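Below is one structure, written out as structure tokens; comments come after it.
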Amino acid sequence: MPELPEVESARSVIERAALGRRIVEVDDSDTYVCRPHRPGEIRSALTGRLLVAAHRRGKTLWCDTGDNDTGDNGAGDAPVLGLHLGMSGKIVIAGADGSEVDGGDYWEGRRVKGDYRWSRFALTFDDGSRLMLVDPRRLGRIGLDPEIDRLGPDAATVTPAAFRAAVATGTVAVKARLLDQHAIAGIGNLLADEILWRARINPARPVDELTPSEIDRLLRATRRSVAAALAHGGVHTLTVIPFRRPGARCPRDHAPMSRGKVGGRTTWWCSAEQPVPAK
DNA sequence: AACAATGTTCAGTC
DNA sequence: GGACTGAACATTGT
């Protein structure tokens, strides 16, 4: 589910429904999701504190914590809670009575409201409300003090210079580079297909063979795709995503959609508009 | 029933 | 070091 737009939705859920209350209980018992922390480590660090801010870079979320009594507002050595939604994670806030207060507007998908069977991590606040990571596949990750510096610039705000620098090194396939979170942060498998389709560039093209004008198209397509997904409710609302299926035809020119594997992920592209260049 | 799935990391190879 | 592959994680939907 989550790529940059969905993670931004999760960030906003935390911001509007979980800041400013005291943490009275922490369930960090899932040793896989909370790795490499030992059970109780995250609980010890967070119990008694407040979430004071929710941030995002790429697909990584983190919350600053503070303490009303000491006036510590998340500066200095205050513990920072890192959250990653993995492939199937979702941030959900439940009220004191267990009813779902906020699960975000994006990717409601198949999940039924109030279904917390797959809660893998939870904070309980002093008013009885809870913040949960609901994650059936358990590929999400929770930890203290995440290393956000290792991520590339956020795809929603990357500058043209930084984008060109990130794309134009090495020889990897352009889609693999778009998916590289250390190069540019936030683009996932679906967003990458949409961006390359909009830019009319074959996903397998080596980055060192892209012309300056192609890199410009790629940048414009990235900005527009990310902005559209943020504005319209997630990556599923993008144009070419519904046509990533057998037998589909390109919504622009009706040529057959092709399928392959690039960067280790299933990749769809327009057979006519995104040709593999003849060598 | 087999297969793929919006992600990341690690081990192994060339 | 860079690029590539496969495995691992656990469950669901087609």
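Labels below follow one simple rule: chain letters A, B, ... track the order of the sequence lines, proteins then strands, and each chain is numbered from 1. The shown structure was predicted, so the numbers you read here are calculated from the model rather than taken from an experiment. When reading the values below, keep in mind they use all heavy atoms of this one structure, side chains included, and skip hydrogens, waters and symmetry mates.
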Listed in order of residue number, which residues of residues 133-148 of chain A have a non-hydrogen atom at under 4.0 Å from DNA chain C?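 Those residues are A/P136, A/R137, A/R138, A/L139.
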Residues forming a side-chain hydrogen bond (donor to acceptor under 3.5 Å, both in side chains) with A/T222, sequence neighbours excluded: none
Would you please name every residue forming a side-chain hydrogen bond (donor to acceptor under 3.5 Å, both in side chains) with A/D97, sequence neighbours left out?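 A/D97: side-chain hydrogen bond (donor to acceptor under 3.5 Å, both in side chains) contacts with A/S99.
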Rounded to the Å, how far apart are [X] [atom1] and [N] [atom2]?
X	N	atom1	atom2	result
A/L4	B/dT8	CG	P	11 Å
A/L83	B/dT8	CG	C1'	16 Å
A/L85	C/dC9	CG	C1'	16 Å
A/R150	B/dT8	CZ	P	12 Å
A/H84	B/dT9	NE2	P	7 Å
A/E209	C/dA3	CD	P	13 Å
A/M87	C/dA10	CE	P	13 Å
A/L151	B/dG7	CG	P	14 Å

Can you name the residues that form a ring pair (Phe, Tyr, Trp, His ring centres under 6.0 Å) with A/W62, not counting sequence neighbours?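 Once residues adjacent in sequence are excluded, the partners of A/W62 under the ring pair (Phe, Tyr, Trp, His ring centres under 6.0 Å) criterion are A/H55.
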Using a 3.5 Å cut-off on both pairing distances, which stems of three or more Watson-Crick or G-U pairs include DNA chain C? B:2-5 with C:11-14, B:7-14 with C:2-9
[X] and [Y] ion-paired at < 4.0 Å:
X	Y	result
A/D127	A/R21	yes
A/E3	A/K59	no
A/R16	A/D102	yes

Taking all non-hydrogen atoms of both residues, which atom of A/S88 and which atom of A/P2 are closest, and how far apart?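 Looks like N-CD, 4.3 Å.
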Which atom names give the shortest non-hydrogen contact between A/D115 and A/V134, and what distance separates them?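 Taking A/D115 first and A/V134 second, the nearest heavy atoms are O-CG1, 4.2 Å.
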Which of residues 259-269 of chain A sit near DNA chain B, with a heavy atom under 4.0 Å from it? A/R265, A/T266
So which of residues 172-193 of chain A are in contact with DNA chain B, with a heavy-atom cut-off of under 4.0 Å?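 A/Q181, A/G188, A/N189, A/L190, in order of number.
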Excluding sequence neighbours, so at least two apart, what forms salt bridge (charged side-chain N to carboxylate O under 4.0 Å, His left out) with A/R265? none
Going by side-chain contact (heavy atoms from CB on, under 4.5 Å), name the residues that satisfy it together with A/R11, two or more places apart in sequence or in a different chain. A/E8, A/E15, A/A54, A/R56, A/L61
I'd like to check the side-chain contact (heavy atoms from CB on, under 4.5 Å) partners of A/A183; sequence neighbours left out, ordered by chain and number.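 Partners of A/A183 by the side-chain contact (heavy atoms from CB on, under 4.5 Å) criterion, ordered by chain and then number, come out as A/A166, A/R177, A/D180.
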Give every donor-acceptor pair under 3.5 Å between a side-chain atom in residues 255-264 of chain A and any protein atom, sequence neighbours left out.
none

How would you list all residue pairs meeting salt bridge (Lys or Arg N to Asp or Glu O under 4.0 Å) that involve residues 212-222 of chain A, not counting sequence neighbours?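 Only A/R164-A/D216, A/R205-A/E214 qualify under salt bridge (Lys or Arg N to Asp or Glu O under 4.0 Å).
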Nucleotide nearest A/Y32 when distance is taken to its side chain, options C/dT12, C/dC9, B/dG7: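 Side chain of A/Y32 sits closest to C/dC9.
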Regarding A/D208 and A/T171, do their side chains bring together a donor and an acceptor under 3.5 Å, going by distance alone?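 Not at all, the side chains of A/D208 and A/T171 share no donor-acceptor pair under 3.5 Å.
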Span that lies between the P atom of B/dC3 and that of C/dG6, in whole angstrom: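 The same atom, P, in both gives a distance of 15 Å.
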